[in-house]
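Keep in mind that the numbers below use all heavy atoms, side chains included, and drop hydrogens, waters and symmetry copies.
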Amino acid sequence: QVQLVESGGGLVQAGGSLRLSCAASGRTFSRHAMGWFRQAPGQEREFVAAISWSGISTYYADSVEGRFTISRDNAKNTVYPQMNSLKPEDTAVYYCAAGLLGTNYDRPGEYDYWGQGTQVTVSS
């Protein structure tokens, strides 16, 4: 079992930055790939970024490529998406997810565990 708790969301002006965190409990965290998804009101949950269990491989949605950076610290059981140059269209609830997967990082169904989400609001 892996339990996930997101933090770091909030209100920021366009062009600003936020660093989210996802703290995981469970001894198998280091074996899990970690993903971030977001969901805006009235829209489907969409892929944002993911990182392999080792931290060697990272994946990004085209919409955030070059602005967001995902990293993990397996010693602290934590994954961090650093979000820079934020835009109003980045406004959403951001969810952390964990799964034992090696492919299809952008598919929500591939993940086994989800956090409760943290709100990110970017004002224009």
Discussion item. Is any side-chain heavy atom of His32 closer than 4.5 Å to one of Tyr111?
Written reply: no

Fill in: Shortest non-hydrogen contact between Thr91 and Ala40, atoms and distance
O-CB, 3.8 Å

Practice prompt. Rounded to the nearest 0.5 Å, what's the gap from CE on Met83 to CG on Leu18? Could you check?
Written response: 4.5 Å

Worksheet item: Are Val64 and Val93 linked, directly or through other ILVMFWY residues, by side chains that come within less than 4.5 angstrom of each other?
Response: no

Worksheet item: What orientation do Phe37 and Trp114 show, parallel under 30°, tilted 30 to 60°, or perpendicular over 60°?
Response: tilted

Worksheet item: Is there side-chain contact between Leu20 and Glu6, with at least one heavy-atom pair below 4.5 Å?
Response: no

Worksheet item: How far apart are the closest heavy atoms of Ile56 and Ser52, and which atoms are they?
Response: N-OG, 3.4 Å

Item to complete: Please list all pairs passing the ring-ring contact (aromatic ring centres under 6.0 Å, His included) test where one or both residues lie in residues 56-80, with sequence neighbours left out.
Response: Tyr59-Tyr105

Discussion item. A side-chain contact here means heavy atoms from C-beta on lying under 4.5 Å apart; do Val48 and Pro81 qualify?
Written reply: no

Fill in: Co-membership, hydrophobic cluster, residues Leu101 and Tyr95, 4.5 Å side-chain
yes

Worksheet item: So with a 6.0 Å cut-off around CD of Glu46, is the heavy-atom count from everything else above 12?
Response: yes

Worksheet, complete the sentence: Students should find that the hydrophobic cluster of Leu100, defined by side-chain heavy atoms under 4.5 Å apart, otherwise consists of none

Worksheet, complete the sentence: When every non-hydrogen atom of Trp36 is compared with those of Cys22, the smallest separation belongs to CZ2-CB, 3.4 Å

Worksheet item: Does any pair with a residue in residues 114-124 pass salt bridge (charged side-chain N to carboxylate O under 4.0 Å, His left out), and if so which ones, sequence neighbours excluded?
Response: none

Worksheet, complete the sentence: Residues Cys96 and Val79: closest non-hydrogen pair is SG-CG1, 4.0 Å

Response to the item:
Between Ser85 and Ser17 the two heavy atoms that sit nearest each other are N-OG, 4.3 Å

Fill in: Closest approach of Thr78 to Ser21 (non-hydrogen atoms, all atoms of both residues)
CG2-CB, 4.3 Å

Worksheet item: Roughly how far, to the nearest 0.5 Å, is CZ of Phe29 from CE of Met34?
Response: 4.5 Å

Discussion item. For Gln116, I'd like to know if atom CD has over 12 heavy atoms of other residues, nucleotides or ligands within 6.0 Å.
Written reply: yes

Worksheet item: Would you say Ser63 and Arg38 make side-chain contact, with heavy atoms under 4.5 Å?
Response: yes

Worksheet item: What pairs with Glu89 under salt bridge (Lys or Arg N to Asp or Glu O under 4.0 Å), at least two apart in sequence or on another chain?
Response: none

Fill in: Distance, nearest 0.5 Å, that separates OG1 of Thr58 from CD of Glu65
8.0 Å

Worksheet entry | Approximate separation, where rounding is to 0.5 Å, of Arg72 CZ and Ile51 CD1 | 6.0 Å

Worksheet item: Between CD of Gln39 and CD of Glu44, what distance do you get to the nearest 0.5 Å?
Response: 8.5 Å

Item to complete: Sequence neighbours left out, what passes side-chain hydrogen bond (donor to acceptor under 3.5 Å, both in side chains) with Arg67? Give chain and number order.
Response: Asp90

Which pairs of donor and acceptor atoms, one on a side chain in residues 117-124, lie under 3.5 Å apart (sequence neighbours left out)?
unit_1 : atom_1 : unit_2 : atom_2 : d
Thr118 : OG1    : Gly9   : N      : 3.3
Gln119 : NE2    : Ala92  : O      : 3.4
Gln119 : NE2    : Thr121 : OG1    : 3.3

